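Convention: sequence-line order gives letters A, B, ...; per-chain numbering from 1. Just so you know, these numbers come straight off a predicted model, no measurement behind them.
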Amino acid sequence: MADKGPYYITTAIAYASGKPHIGNTYEIVLADAIARFKRQQGYEVFFQTGTEEHGIKIEEKAKTAGVTPKQFVDGAYNEIKRIWDLMNTSYDKFIRTTDTYHEKQVQKIFKKLFDQGDIYKGSYEGMYCTPCESFWTASQLVDGKCPDCGRPVQPASEEAYFFKMSKYAPKLIQYIEDHPEFIQPPARKHEMINNFLKPGLQDLCVSRTSFTWGIPVTFDEKHVVYVWLDALVNYITGIGYDAGGEHEELYKSHWPADLHLIGKDIVRFHTIYWPIFLMALGEPLPKQVFGHPWLLVGDGKMSKSKGNTIYADTLVDMFGIDAVRYYMIHEMPFDNDGVFTWDTMVERYNSELANTLGNLVKRTISMGNQYLGGVIEDRGVKDDMDDDLYATVLSAKAGVEEKMATLHVADAVTVIFDLFKRCNKYIDETTPWILGKEEDKKDRLSTVLYNLCDCITIGASLLFPYMPDTSKAILEQLGSKEISFDLLDKRGAFVSGTKVTEDPVTLFDRRKLEDVLKEVEKLYPAKPADAGEGDNDAALTELEHKAQIGIDDFDKLELRVGVIKACEAVEKSKKLLCSKVDVGDKTLQIVSGIRKHYSPEEMVGKRVMVIVNLAPAKLAGVESQGMLLCAENEKGDLALMTPEKDMPAGALIC
RNA sequence: CGCGGGGUAGAGCAGUCUGGAAGCUCAUCGGGCUCAUAACCCGAAGGUCACAGGUUCAAAUCCUGUCCCCGCUACCA
């Protein structure tokens, strides 16, 4: 096969905080399909994935678990790698940000950028959480509070290193506009330019002093390198970049990357910060960044028996590796989030895998054995029907290439399954079981079955990048060999006279939805029905718990019943309501992000739970002097907390 | 008037750039076939292509306005 040159593809590195769920697993499978396809086309592919192992969160999780951070990430790494391997992904390199060579390069890179003036020492203005000793930027805050402990934060400043983002912004805008294919899907590009680049980039804080589980800055040891700088450069350190210019061969041949495959949530880091870091280092920018949508877990009707966290290994146990790969690859729209449901999983499995594909292979081989003793020869008795069959089959390769060129991976798979469907139709058109009964039609019969084996060989070969095991299994049953990609648009992939297997195995056993649901029920036992609807059953959700506190911590809070006297929408906001709340001896003005759930009218008169002694803050320019407490479920629905008996405004909650 | 994406058959989606008889999968109904995994093949029913205007011989597709949904951002103390 012709060598088409290097192709470097990466996934984002997975955060080593626990077992990856199917949403995380989707990315590696998608990347694997692309990588395998590119190899098939003849590219010299290098496919990198890995784990991000630093940061305060990991430091804390390790503490909670009573192990060292390193022990903790070793465990997470093993689990992540196990899932990646389970999914049969063909990565060439698995990088860990705790790998020594990576840490060394990060330190050299930091130093280099400092020496050339792109990184400078300044002070970090941010929101500080005293108990956690952590700084947060406004965007990191969760509900305006510390994302870790949920407590209020105060403005503060500390010494930190900054990267001069603004210096490179014009060059980056130019690059993005000159390379319309750089950010995919295109919608993301507009978000980046309009939300970040056009308003002006802020310098990025690239060091922290608030935790130690990170890569130390060599010349100022109380600082560790900010996690994103550490993480992003994995794409170059993994293939042998050296900040001193002593690059390894792999780096020379494969950088810049052809594709960074990442989740849509981190597009900003990959299309703004990462390119700017590279510009500062004087290295070329990656050719394309694709922010893929998310694979979500929907709930649908059978909610009682379902959880929110589904892991790939659970699915593999039930359906097999390739069926899960198929689902992940095929059920995802190009730029909309996809949803996993058990119904859809079973439906795709039965309809496409068992019926269309599995059954096709089985019936073809069975007929070959039944009528021809298993030896399939092309005896040259042709018919117009054959040309029509081949018209579809031989154009499939071009169809797949076209779809893959724009990363429409799901559509590429559809093209292949259209091929298999056409084969099923051909069987009905040619009625081999009738030909088989008449001695003088034997030659025609043989040709018909030859054509089928030929077409299935082509289809199975095209299928390889997406469902490698299935592809191999089909070819093996046909007695066929792996076919060079260049030959997949020509007749004759299947060698005339080949003997097919005597007892074809069923590739995909049909599954009954009710049986699957029973298994699911066992795996995810439903919580005893307490509420009426039960449609947001959280039985299996792993809740994140906060550190235990003492009664004295609780005593710091002043919680009282408040009565809402007046309420109006905050004009400049979509989410905020501004309420005047009577808390007994005074009326507080409180701004809350609940506009989606409550109208100003219905708020008035409600008795609610209020934190009275929260430091005031401005939201959308409006001062807020407290906080209304709400319960929130995983879907984001909110409900105000109200006393279950009538209590007066100002009643202490304790 | 912050930026962007979307609203197409019961469900899930394609088609919109480059106007030219509304398509795919599943589900439903009818028929065919029996090699095969209750499979496979054919056909039918089912859509005012969010709404209202406009351009055009012709609009799901182009233009204008309106209504909903969803991301991102600012701001969910």
Side-chain angles (χ1 to χ4, degrees), chain A residues 127 138-139 141-146 150-153 185-196 198-199 264-265 267-268 293-294 298 300 330-331 333-339 341 343-344 346-348 350-371 408 410-411 414 417-418 421 423-436 449 452 504 506-512 570 572-577 590-597 610-611 614-630 632 636 638:
Chain A
M127 301 306 279
S139 60
L141 298 181
V142 174
D143 292 340
K145 288 163 295 187
C146 173
R151 280 176 282 213
V153 292
R188 301 261 105 78
K189 171 181 153 186
H190 299 128
E191 286 179 5
M192 292 308 121
I193 291 185
N194 292 322
N195 288 330
F196 299 103
K198 263 176 31 190
K264 63 180 186 177
D265 52 326
V267 169
R268 178 171 131 212
W294 287 336
H330 185 252
E331 286 311 296
F334 182 65
D335 53 8
N336 277 319
D337 290 342
V339 176
T341 66
D343 298 58
T344 316
V346 173
E347 188 232 296
R348 301 328 295 194
N350 283 339
S351 143
E352 237 91 75
L353 301 182
N355 295 353
T356 299
L357 177 57
N359 184 48
L360 169 67
V361 173
K362 180 90 168 274
R363 70 199 293 216
T364 300
I365 293 176
S366 296
M367 286 190 286
N369 282 311
Q370 224 164 302
Y371 303 130
H408 284 72
D411 293 341
T414 300
F417 274 78
D418 284 346
K421 283 178 190 167
C423 290
N424 272 321
K425 182 173 169 157
Y426 178 76
I427 296 180
D428 267 60
E429 289 170 342
T430 53
T431 59
W433 54 91
I434 293 177
L435 298 175
L449 289 178
L452 277 168
T506 297
L507 291 167
F508 301 96
D509 249 321
R510 280 181 63 86
R511 301 294 314 266
K512 280 197 184 124
V570 175
K572 283 190 287 181
S573 166
K574 282 183 204 161
K575 309 181 180 173
L576 301 179
L577 290 182
I590 298 180
V591 180
S592 326
I594 53 175
R595 188 156 162 190
K596 222 171 142 186
H597 311 277
V610 184
I611 303 183
L614 190 59
K618 279 201 170 181
L619 292 181
V622 180
E623 178 162 293
S624 181
Q625 303 162 325
M627 179 171 170
L628 305 185
L629 297 186
C630 286
E632 179 176 19
L638 291 181

Given atom [atom1] of [X] and atom [atom2] of [N], what is their separation to the nearest angstrom?
X	N	atom1	atom2	answer
A:R363	B:U37	CZ	P	11 Å
A:F417	B:U25	CZ	P	13 Å
A:H330	B:C26	NE2	P	11 Å
A:E429	B:C35	CD	P	18 Å
A:L435	B:U34	CG	P	12 Å
A:H408	B:A14	NE2	C1'	10 Å
A:D265	B:G4	CG	P	22 Å
A:L614	B:A77	CG	P	10 Å

Taking atom [atom1] in both [N] and [M], what distance in whole Å separates the two?
N	M	atom1	answer
B:U61	B:C76	P	39 Å
B:C13	B:G47	C1'	15 Å
B:C26	B:A22	P	23 Å
B:A60	B:C49	C1'	4 Å
B:C29	B:C62	C1'	40 Å
B:U28	B:G46	C1'	9 Å
B:G15	B:G5	P	15 Å
B:G19	B:A59	C1'	6 Å

Checklist line | Those residues that, when tested against A:Y371, pass ring pair (Phe, Tyr, Trp, His ring centres under 6.0 Å) (two or more places apart) | finding: none

Under 3.5 Å between N/O atoms: give me all the protein pairs with nucleotides 27-32 of chain B, atom names plus distance.
residue: B:G32; atom: N2; partner: A:D428; partner atom: OD2; Å: 3.2

Compare the minimum distances between each of [options] and the side chain of [X], then state the nucleotide with the smallest one.
X	options	value
A:S366	B:U73, B:C35, B:U37	B:C35
A:E352	B:C40, B:U37, B:U25	B:U25
A:Q370	B:U37, B:C35, B:U25	B:C35
A:Y371	B:C35, B:U25, B:U37	B:C35
A:W433	B:U34, B:C40, B:U37	B:U34
A:L576	B:C40, B:U25, B:C75	B:C75
A:S624	B:C35, B:A77, B:U37	B:A77
A:I590	B:A77, B:C35, B:U25	B:A77

Mind checking if [X] touches a base, just sugar-phosphate, or nothing, with heavy atoms under 4.0 Å?
X	result
A:V591	sugar-phosphate
A:I365	nothing
A:K421	sugar-phosphate

Name the pairing partner of [N], where a pair is Watson-Crick or G-U wobble with both distances under 3.5 Å, or state none.
N	result
B:G71	B:C3
B:A50	B:U66
B:A44	B:U28
B:A38	none

Margin query: If you assign A:L628 and A:Y426 each to the RNA chain B nucleotide with the nearest heavy atom, which residue ends up on the more 5' nucleotide?
Written below: A:Y426

Is the distance from OP1 or OP2 of [N] to the nearest side-chain N or O of [X] less than 4.0 Å?
X	N	result
A:N350	B:U37	no
A:K425	B:C42	yes
A:S351	B:C26	yes

Next item on the list: Go through the structure and list residues passing salt bridge (charged side-chain N to carboxylate O under 4.0 Å, His left out) with A:D428, not counting sequence neighbours.
Entry: A:R363

side-chain contact (heavy atoms from CB on, under 4.5 Å) against [X], all qualifying residues, sequence neighbours excluded:
X	value
A:E331	A:Y327, A:T344, A:R348
A:E429	A:M385, A:R422, A:K425, A:Y426
A:N369	A:I365, A:V500, A:E502, A:P504

Check: Which atom pair, heavy atoms only, marks the closest approach of A:A354 to A:R510?
Finding: CB-CG, 3.7 Å

Checklist line | Nearest non-hydrogen partners of A:C630 and A:I594, listed with the distance | finding: SG-CG2, 4.1 Å

Please examine the side chains of [Y] and [X], heavy atoms only from C-beta on, and report whether any two atoms are closer than 4.5 Å.
X	Y	value
A:K362	A:T506	yes
A:I611	A:L629	yes
A:I427	A:L360	yes

